[in-house]
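First the structure, in the form of structure tokens, and then the observations on it.
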Amino acid sequence: MLAGILAGCICPHPPLLIPAIGGKELSRVQKTVQAMRELAGKLSRLNPQVLVFISPHTPMISGAFTVKTHPLLRGDFSMFGHPEIAISKECDRELASAIIERGISLGLPIEEAGSRRHGARGLGGHGSAEELDHGILVPLYYIAERIDAPLISLSISFLPYDDHRILGRLVRECCRGLGRRAVFVASGDLSHRLIPGAPAGFSPRSEEFDRAICAIAQSGEFDRLDEIPEDLVEEAGECGLRSVYTMHGALKGENYSSELLSYEGPFGVGYLVSVHEVITRREGVEAGR
């Protein structure tokens, strides 16, 4: 099998998807639970060598992307009352270093997590160099049941959406250059304002945003992300759009199939699960700036 990005996927990350945390509430998100299990099965059949995650909850800095390079990446659910539920994975340090070096060569602001190379102000700090946040841990809980592979952990940033696409494209380029077969996991929830009492309050336009993202994920026409008005993004109170843009960059130029596995929002937050599997490769499409 050729190296590069084998598939991309969009995954939600509510901690209640973890059975011990969700408890009785887990029954209200069964569509999402079943979809995550189905997704893990689909990805495992691709036999990836590395899992590349981008999460909006990984500590970030406004003007640059960060990449974790600690040899062992780990995290647990102690913030949600269950420190005994923990996951540890090796970091693909060779790939992580290649992503940083390639990004710098393209003029893309990117640095090793914990460094201050670009002098950007921290937003909530850089966090632990090895710690995995729940945006990664929740989907990894399901994916790791079927796939044992090293990780790459990326942060989003407040850089333009197109820079997120460039990050995805250079990840693909580096995977090809090092001969890695990779899956790209875009962690993120959709609107946080679907119902009265939702975490970010209620907006009558939130369903419009989620419908737009679901339609794009189902069709695979991710160029249409650019058609979503910024005021609608603001109304949605989302946390996953930049992750999706980055995944698009990793897939853009490839021929891939798209399948929306589930969508629901019983607690006022939209949970989307989709998978986008590369079918044939279009050569000559590489990262650029």
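Positions are given from 1 along the sequence. No experiment lies behind these values; they were computed from the predicted model shown.
- Looking at D189, its side chain never comes within 3.5 Å of a backbone N or O of E238 through a donor-acceptor pair.
- Between L43 and C9, some side-chain heavy-atom pair lies under the 4.5 Å cut-off.
- Side-chain contact check for L132 versus L151: some heavy-atom pair is nearer than 4.5 Å.
- Side chains of E111 and T66: a donor-acceptor N/O pair is absent below 3.5 angstrom, by distance only.
- The residues E94 and R180 are annotated as salt-bridged, a charged nitrogen and a carboxylate oxygen being separated by less than 4.0 angstrom.
- Formation of a donor-acceptor pair under 3.5 Å by the S206 side chain with backbone atoms of F202 is not found in this model.
- No donor-acceptor pair closer than 3.5 Å links the side chain of S78 to the backbone N or O of P83.
- Salt bridge absent: R28 and E264 never bring a charged side-chain N and a carboxylate O closer than 4.0 Å.
- Between the side chains of S191 and D210, no donor-acceptor pair is found at a separation under 3.5 Å.
- Here L159 contributes atom CG and L108 contributes atom CG; the two are 7.0 Å apart, rounded to the nearest 0.5 Å.
- Heavy atoms from other residues, nucleotides or ligands lying under 6.0 Å from CD of E130 number more than 12.
- Aromatic rings of H134 and F77 (six-membered ring for Trp) have centroids beyond the 6.0 Å cut-off, not under it.
- Side chains of Y141 and L17 form no contact here, defined as non-hydrogen atoms less than 4.5 Å apart.
- Closest non-hydrogen pair, A250 versus R172, comes out as O-CD, 3.3 Å.
- Between Y271 and H13, the ring center distance fails the sub-6.0 Å criterion.
- For A35 against S262, the heavy-atom pair with the smallest separation is CB-OG, 3.1 Å.
- A donor-acceptor pair under 3.5 Å is formed between the side chain of R193 and the backbone N or O of E235.
- Ring geometry for F222 against Y256 counts as tilted: the plane angle lies between 30° and 60°, on a 0 to 90° scale.
- Within a 6.0 Å radius of CD in E38, more than 12 heavy atoms belonging to other residues, nucleotides or ligands are found.
- For residues 221-230, the pairs satisfying salt bridge (Lys or Arg N to Asp or Glu O under 4.0 Å) are R165-D226, E221-R224, D223-K252, with sequence neighbours left out.
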Going through the distances and angles, do I213 and L241 end up as a side chain to side chain contact (heavy atoms under 4.5 Å, CB included)?
CA-CA 9 Å; I213 298 295; L241 186 58; 4.0 Å; yes
Chi angles and distances behind the side chain to side chain contact (heavy atoms under 4.5 Å, CB included) call for E90, L73
CA-CA 6 Å; E90 292 182 3; L73 303 177; over 6 Å; no
Do L95 and C175 pass the side chain to side chain contact (heavy atoms under 4.5 Å, CB included) test, and can you show the C-alpha distance, the side-chain angles, and the key distance before you say yes or no?
CA-CA 7 Å; L95 179 56; C175 287; 3.9 Å; yes
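- Residues D163 and F65 meet the side-chain proximity criterion, which asks for heavy atoms closer than 4.5 Å.
- Taking a cutoff of 4.0 Å between a charged side-chain nitrogen and a carboxylate oxygen, E173 and R169 do not qualify as a salt bridge.
- Contact of the F53 side chain with the I143 side chain is registered, since non-hydrogen atoms from C-beta on lie closer than 4.5 Å.
- Taking each heavy atom of G135 and S55 in turn, the nearest pair found is CA-OG, 3.4 Å.
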Show your reasoning for whether side chain to side chain contact (heavy atoms under 4.5 Å, CB included) applies to H276 and S274.
CA-CA 7 Å; H276 312 276; S274 67; 2.8 Å; yes
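- In terms of heavy atoms, P56 sits closest to S243 at CD-OG, 3.7 Å.
- C11 is listed as a side-chain neighbour of L39, based on a closest heavy-atom distance under 4.5 Å.
- The only member of V171, V185, V244, L167 that meets side-chain contact (heavy atoms from CB on, under 4.5 Å) when paired with I54 is L167.
- Expressed to the nearest 0.5 Å, how far CD of E131 lies from CD1 of I136 amounts to 10.0 Å.
- Atoms CG and CD, on N255 and E277 in that order, are 12.5 Å from each other to the nearest 0.5 Å.
- If you take OG on S153 and CG on L51, they are separated by 12.0 Å, rounding to the nearest 0.5 Å.
- Side-chain N or O atoms of H82 include none that pairs as donor or acceptor with a backbone N or O of E84 at under 3.5 Å.
- When all heavy atoms of P12 and V138 are compared, the pair lying nearest together is O-CG1, 4.2 Å.
- In this structure the side chain of R181 never reaches within 4.5 angstrom of the side chain of L46, judged on heavy atoms.
- Judged purely by distance below 3.5 Å, without hydrogens or angles, the side chains of E112 and T69 pair a donor atom with an acceptor atom.
- E208 has a carboxylate O that lies under 4.0 Å from a charged side-chain N of R205, or vice versa, which qualifies the two as a salt bridge.
- Note that the CD1 atom of I152 and the SG atom of C174 stand 9.5 Å from one another [nearest 0.5 Å].
- In this structure the side chain of I147 reaches within 4.5 angstrom of the side chain of P48, judged on heavy atoms.
- Between Y245 atom OH and H164 atom NE2 the span is 10.5 Å, to the nearest 0.5 Å.
- Taking every heavy atom of both residues into account, P199 and V269 meet most closely at CG-CG2, 3.6 Å.
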